[in-house]
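Data block below; observations after.
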Amino acid sequence: MALYTLGNHTLDTQQPDRDILAALIGDETVDAELFHAANTLKIRQFGNKVFVRGIIEFSNYCRCTCAYCGINAQMTHTKRYRMMPDDLVNAAVCAAKVYRTVILQSGEDLFYTAKTLADIVRRIKEKANCAVTLSIGERTLEEYRLMREAGADRFLLKHETANAVLYESLHGAALETRLGAQRRIKALGFELGGGFMVGLPGQTDEILAEDLLTLVRERVEMAGIGPFIAHPDTDLGNALDGDPHKTLKVLALARLLLPGCHLPSTTALNVKGGMKNALLCGADVIMQKATPFEYRQLYDIYPGRDAQEVPLEEQYETLKKRLAELGLSAE
Ligand code: SF4
């Protein structure tokens, strides 16, 4: 049992209480203690290691209409692209020369059947010594099974918000459908990556507390927690961006609740200049772009994402130097 006394609050991480989590999120006087506790626990779990993953965004077609997303199906002006399977396998094999884990991410694009995706995963695993993570959205149990049997190791599917009403207003679909997909993924033996956004319009600290409890309940092994960033072309274009500092607090609480969970400094948080701080508040993972240069600008889910044309090895060396300045080492 781990009990943390933070200011006037006592957090029991075996039986976390929603009201206490919400109070901690809202109480600025606990920040320094909270960040220190999260960093101490992260170091106890992982030492000074930072796990670096290469991410390939292989298609920006998407059947979904998530209200915050710059490549949702209603964005008729978006220039769409798809990488063909041979090109994707080649890009993944190249990325695996630099990174131990390659993440294949796309919109929910049914052009890629489960069999096609399984073939891609199988070919990558035959040619490269790397873990393969998929981030391709909701599919059936049988579809996920094909991908798992082909050798995919991990699967990212965030719940985005644990409030059913807010979820439905943003996605036009039920939260339970998303949680059901997460449970299918987990049941097949994938390492499950969940996560959510901080600062969505209408979100409260109580909802954020419920988001944290959802990570615990669904037994995620990774969790991406990033600030909401308004994309100007979407229905939420005029909304305020999420607060990076609050995002760090929620990230730190996630570390206390899930000591062994992999927590990236999300790309959205990095856009807000938060990478260094996230790595000192509980995060242990960095994702780096391995998408071929010609597609980087087009994967425009929110503004400000890194679309620089820096070769992977150079990008990795630069990151290693930045990490070394923080006393951290890339894995
Ligand atoms: S957030 Fe993902 S699933 Fe939703 S519209 Fe964007 S790419 Fe599609």
Side-chain angles (χ1 to χ4, degrees), residues 55-83 88 103-114 117 133-140 143-144 147 154-164 166-182 184-185 192-203 211 214 222-237 239 241-242 247 264 266-269 271 287 289 291 295-307:
I55 183 164
I56 301 173
E57 297 144 336
F58 64 90
S59 164
N60 71 351
Y61 283 84
C62 189
R63 62 175 166 163
C64 301
T65 55
C66 307
Y68 45 81
C69 179
I71 61 168
N72 80 45
Q74 290 168 333
M75 296 285 122
T76 47
H77 64 279
T78 298
K79 188 174 169 200
R80 304 282 173 175
Y81 73 91
R82 284 188 180 111
M83 289 176 68
L88 179 51
I103 303 168
L104 309 182
Q105 183 169 73
S106 69
E108 287 204 12
D109 184 0
L110 298 185
F111 169 85
Y112 303 91
T113 65
L117 289 166
T133 301
L134 293 173
S135 175
I136 53 104
E138 294 180 15
R139 298 282 180 123
T140 65
E143 289 177 297
Y144 285 146
M147 300 172 212
R154 306 176 186 138
F155 204 108
L156 304 181
L157 186 67
K158 297 181 184 181
H159 72 262
E160 305 294 5
T161 174
N163 182 276
L166 185 55
Y167 185 95
E168 191 151 352
S169 75
L170 294 171
H171 298 94
L175 173 62
E176 270 308 309
T177 306
R178 175 56 56 99
L179 296 177
Q182 284 191 332
R184 293 195 288 280
I185 291 163
L192 171 63
F196 56 90
M197 279 177 278
V198 175
L200 285 165
Q203 189 182 54
D211 282 316
T214 300
M222 305 172 277
I225 299 169
F228 160 72
I229 299 178
H231 191 295
D233 298 339
T234 64
D235 292 348
L236 301 184
D241 287 351
T247 308
T266 55
T267 40
L269 193 50
V271 164
M287 296 183 190
K289 283 271 183 85
T291 307
Y295 304 125
R296 291 191 184 189
Q297 292 279 9
L298 301 176
Y299 204 80
D300 180 30
I301 53 179
Y302 51 78
R305 290 159 55 82
D306 175 17

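Just so you know, residue 1 is the first one in the sequence shown, and it goes up from there. In listed order, ligands and their atoms are each counted from 1. Note that the coordinates shown come from a computational prediction; the quantities given were computed from them, not determined experimentally.
Of the listed residues (L104, D109, I136, L88), just one forms a side-chain contact (heavy atoms from CB on, under 4.5 Å) with L117, and that residue is I136.
The cationic atom of R82 (NZ for Lys, CZ for Arg) does not lie both less than 6.0 Å from the six-membered ring centre of F58 and within 45° of the ring axis.
Atom 2 (Fe) of ligand 1 is never approached by the protein to below 4.0 angstrom, counting heavy atoms only.
A centroid separation of less than 6.0 Å is found between the aromatic rings of F155 and Y144.
Between the side chains of E57 and T291, at least one donor N or O lies within less than 3.5 Å of an accepting N or O.
For the atom pair OG1 (T133) and CD1 (I103), the distance works out to 5.0 Å, reported to the nearest 0.5 Å.
For atom 4 (Fe) of ligand 1, the tally of protein N/O/S atoms lying closer than 2.8 Å stands at 1.
Legend: residues meeting salt bridge (charged side-chain N to carboxylate O under 4.0 Å, His left out) with E143, ordered by chain and number and at least two apart, are R139.
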